[in-house]
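Owing to the predicted nature of the structure, the values given are computational and were not obtained by experimental measurement.
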Amino acid sequence: MSTGSIIIKPIEAKLERNVASFSKMNPYCIAKLGAVEIRGKTCKNGGTRPVWAEAFVFSLRSNEDCFLEIKDKDILASDSTLGVCRIDIKELQEKGTINKWYKLYYKKKEVGEVELEATYTDQEY
């Protein structure tokens with residue numbers, strides 16, 4: 001069983017799925033590791049090219065899957081999913097740090113990409 005911590009930093013996204021009809025989208029990220037879910041800050045009027053400056057820190061206790069979901073904050077309706085990517089924990093543990101563009105998917109279709117910096121340490125935070 002693996003233990004330690006992972007830190008996920010979404011940097012920016014190039015979104016092809018635009019769900020805003022009358023204004024720019026307000027994208028935010030949700031990072032998920034197993035049953036733990038952390039919601040990030042909204043990039044107000046970020047549109048299809050949002051930029052973030054935040055970090056999600058998780059304790060890693062097993063080989064759970066890690067996902068990053070990007071959603072659009074909507075005042076009048078429920079928030080819309082813009083895309084989801086999977087972060088390979090085994091690859092992250094082998095390399096220590098990964099900084100790359102991950103493809104985003106929505107309903108099995110590619111809908112853009114997100115640049116993530118992810119770090120693994122064998123210490124727990």
Discussion item. Please determine whether the number of non-hydrogen atoms from other residues, nucleotides or ligands lying under 6.0 Å from atom NZ of Lys9 exceeds 12.
Written reply: no
Worksheet entry | Residue pair Glu91 / Lys100, side-chain heavy-atom distance below 4.5 Å | yes
Fill in: Shared hydrophobic cluster, Leu116 / Ile89 (ILVMFWY, side-chain heavy atoms < 4.5 Å)
yes
Fill in: Within-4.5 Å side-chain heavy-atom neighbours: Thr121 and Thr119
no
Fill in: Asn26 side chain reached by Asn45 side chain, heavy atoms, under 4.5 Å
yes
Worksheet entry | Main-chain N/O of Asp74 paired with Asp79 side-chain donor or acceptor, under 3.5 Å | yes
Fill in: Same apolar cluster: Phe67 and Ile70, side chain cutoff 4.5 Å
no
Fill in: Shared hydrophobic cluster for Met25 and Val84 (ILVMFWY, side-chain gaps under 4.5 Å)
no
Discussion item. For a quick test of reading the model, state the closest non-hydrogen atom pair linking Gly40 to Tyr28 and the distance between them.
Written reply: O-CB, 4.1 Å
Discussion item. With a sphere of 6.0 Å drawn around NZ of Lys14, does it hold more than 12 non-hydrogen atoms of other residues, nucleotides or ligands?
Written reply: yes
Worksheet item: Where is the tightest heavy-atom contact between Glu110 and Glu16, given as atom of each residue plus distance?
Response: O-OE1, 3.8 Å
Practice prompt. Evaluate side-chain contact (heavy atoms from CB on, under 4.5 Å) for Asp72 paired with Leu15, printing each intermediate quantity in order.
Written response: CA-CA 11 Å; Asp72 176 40; Leu15 305 169; over 6 Å; no
Worksheet entry | Atom pair CG (Asp88) and CD (Gln93), whose distance is rounded to the nearest 0.5 Å | 9.0 Å
Worksheet item: Would you call Glu12 and Trp52 a side-chain contact if the rule is heavy atoms closer than 4.5 Å?
Response: no
Worksheet item: Is Val36 close to Phe58 at the side-chain level, that is, under 4.5 Å between some pair of heavy atoms?
Response: yes
Discussion item. According to a hydrophobic-cluster definition based on side-chain heavy atoms being under 4.5 Å apart (Ile, Leu, Val, Met, Phe, Trp, Tyr only), do Ile98 and Val114 belong together?
Written reply: yes
Worksheet item: How long is the span from the NZ atom in Lys32 to the CD atom in Glu64, to the nearest 0.5 Å?
Response: 13.5 Å
Worksheet item: How close do Glu115 and Trp101 get, heavy atom to heavy atom, and via which atoms?
Response: N-CE3, 3.4 Å
Fill in: Euclidean distance, Ile11 CD1 relative to Glu117 CD, rounded to 0.5 Å
5.5 Å
Fill in: Minimum-distance pair of heavy atoms, taken over all atoms of Cys66 and Leu33
CB-CD1, 3.8 Å
Worksheet item: Do Val19 and Tyr106 belong to the same hydrophobic cluster, where Ile, Leu, Val, Met, Phe, Trp and Tyr are linked whenever their side-chain heavy atoms lie under 4.5 Å apart, directly or via other members?
Response: yes
Practice prompt. State whether the side chain of Arg86 and the backbone N or O of Tyr102 hold a donor-acceptor pair below 3.5 Å, judged by distance alone.
Written response: no
Discussion item. If you compare all heavy atoms of Pro50 against all heavy atoms of Gly47, which two are closest, and at what distance to 0.1 Å?
Written reply: CD-O, 3.7 Å
Worksheet, complete the sentence: What one should report as the nearest heavy-atom pair of Leu68 and Cys29 is CD1-CB, 3.9 Å
Fill in: Student check: side-chain heavy atoms of Leu82 and Leu104 closer than 4.5 Å
no
